[in-house]
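The structure appears right after this line, and notes come after that.
Here is the naming used below: chain letters follow the sequence lines, and residue numbers restart at 1 for every chain. Small disclaimer: the values here were computed from a predicted structure and weren't measured.
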Protein chains: 2
Amino acid sequence: MSRLDSHVGYWLRCVANQFSHALNRELEDKGVTLTEWIALRELYDTDMRSSALAERLGMTRGAVSKLARKLASNLMITQQASAGGSRAQMLSLTDDGRAVVRVFAVILDQADQEFFGHLEPDTRALIVAILRDIVRRRGLRAVPAD
Amino acid sequence: MSRLDSHVGYWLRCVANQFSHALNRELEDKGVTLTEWIALRELYDTDMRSSALAERLGMTRGAVSKLARKLASNLMITQQASAGGSRAQMLSLTDDGRAVVRVFAVILDQADQEFFGHLEPDTRALIVAILRDIVRRRGLRAVPAD
DNA sequence: TATTGTTATACTCTATAACTATA
DNA sequence: TATAGTTATAGAGTATAACAATA
């Protein structure tokens with residue numbers, strides 16, 4: 001019977017878990033979860049409806065509703081009703097939220113550097129290309145928030 | 001500000017998550033969680049105390065106690081008191097448990113093949129070597145059960 | 001006294017599904 | 001009617017910490 005550690009997936013999960021945990025430790029200090037940060041990061045590039053964010057994160061509308069309420073209560077985002085008293089809402093980062101995203105972007109850059117910075121550029125590029133290709137083959141469903 | 005997907009860690013987490021989810025889907029059908037299977041797989045190679053298993057899996061003794069009770073109730077493992085009426089117990093796979101591990105080992109082989117089988121042997125070896133090295137640098141704490 | 005295992009409790013995260021409000 | 005968002009509920013999984021038993 002094959003050993004667990006004879007699989008590529010085993011080592012991939014080891015490193016991915018260590019990477020996630022390292023990020024989580026950083027984020028915990030600031031009272032933000034990984035999921036919350038990814039949501040904020042998505043909203044940095046473009047305002048989004050709650051349902052669109054749910055789609056991006058691979059979560060249910062209910063889960064995102066709760067997430068959005070927490071982020072709004074922390075003054076990270078606003079939930080603005082569309083014009084005309086519509087119930088549909090647009091999620092937008094506040095200035096505070098945008099600042100937080102920038103801070104965490106630096107933390108992410110540093111974490112990536114710590115884990116993978118020692119690799120030759122060619123090697124890095126090769127690995128990213130391979131992983132990208134696997135994601136493409138299998139179809140990316142959502143940003144990995146878990 | 002850098003994009004999420006400019007990081008190696010991002011793509012690593014994408015693929016690792018897809019891999020974990022693919023495994024979970026297979027395991028769900030059989031009523032076993034990923035954590036349970038990894039526990040069983042650890043016990044296949046050697047009997048272990050509950051506390052040693054907790055150490056291996058990076059879980060608390062309480063969590064493993066619950067896990068062991070479930071596995072024992074499913075007749076996958078036995079919790080044998082050591083000789084002399086000691087309270088310390090040894091966790092051992094039953095014949096059923098050993099059979100289950102062998103079935104899932106095949107499923108894992110197949111999943112790894114599906115995800116990474118298309119890579120050239122050299123490429124596979126390179127990736128494993130790099131990941132292994134990163135784990136070594138950072139110190140492997142536990143088998144990735146989450 | 002230190003270690004091992006169990007238990008009770010609580011917490012976090014999420015899904016499900018029923019519900020409300022809108023188009 | 002279909003869609004968007006909310007809420008209540010429940011379940012999984014785990015940590016914490018108090019506890020019991022043992023060495």
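Computed from coordinates, the B:Q79 CD to C:dG5 P distance equals 10 Å when rounded to whole Å. Nucleotide D:dA12 holds its P atom 11 Å from the CD atom of B:E36, rounded to whole Å. Here C:dC13 presents its P atom at 12 Å from CG of A:L71, a figure rounded to the nearest Å. Atom-to-atom, CD of A:E55 to C1' of D:dA4 comes out at 14 Å; the value is rounded to the nearest Å. Computed from coordinates, the B:M59 CE to C:dG5 C1' distance equals 14 Å when rounded to whole Å. Summarising the geometry, the separation between CD on A:Q80 and C1' on D:dG5 is reported as 16 Å, rounded to the nearest angstrom.
There is no side-chain donor-acceptor pair under 3.5 Å between B:Y10 and B:R3.
Remark: A:R98 is positioned above the aromatic ring of A:Y44, its terminal NZ or CZ atom under 6.0 angstrom from the ring centre and at most 45 degrees off the axis. Judged by the 6.0 Å and 45° rule, B:R138 forms a cation-pi pair with A:F115.
Side chain of A:R49, nearest nucleotide from C:dT4, D:dG5, C:dA15: D:dG5. Listed nucleotides: D:dG13, D:dT16, C:dG5. Nearest to the side chain of B:S50: C:dG5. Of the candidate nucleotides C:dT14, D:dG13, D:dG5, D:dG5 has the atom lying nearest to any side-chain atom of A:Q89.
Inter-residue side-chain proximity for A:R137 and A:D133 is flagged as met; some heavy-atom pair is nearer than 4.5 Å. Under the 4.5 Å side-chain criterion, counting only non-hydrogen atoms from C-beta, B:F104 is in contact with B:K30.
Considering every non-hydrogen atom in both B:D5 and A:R132, the closest pair reads O-NH2, 3.9 Å. Between A:K70 and A:G31 the shortest heavy-atom distance is NZ-O, 4.5 Å.
Put simply, the side chain of A:H21 never gets that close to the backbone of A:Q18: no donor and acceptor are under 3.5 Å apart. Without hydrogens or angle criteria, B:D112 side chain to A:V8 main chain gives a donor-acceptor distance under 3.5 Å. Between the side chain of B:S50 and the backbone N or O of B:S65 there is no donor-acceptor pair closer than 3.5 Å.
The side chain of B:T35 places an N or O atom within less than 4.0 Å of a non-bridging phosphate oxygen (OP1 or OP2) of D:dT14. Between C:dG5 and B:S51, a contact under 4.0 Å exists linking OP1 or OP2 to a side-chain N or O.
Axis deviation across the helix from C:dT1-D:dA23 to C:dA23-D:dT1 amounts to 10°, comparing end segments of five pairs, rounded to 10 degrees.
Annotation: A:D29, atom CG; neighbour count of heavy atoms from other residues, nucleotides and ligands within 6.0 Å is above 12.
Interface residues of residues 61-70 of chain A facing DNA chain D, ordered by number: A:R61, A:G62, A:S65, A:R69; criterion, heavy-atom separation under 4.0 Å. Contacts between residues 14-30 of chain A and DNA chain D, defined by a heavy-atom separation below 4.0 Å, involve no residue at all.
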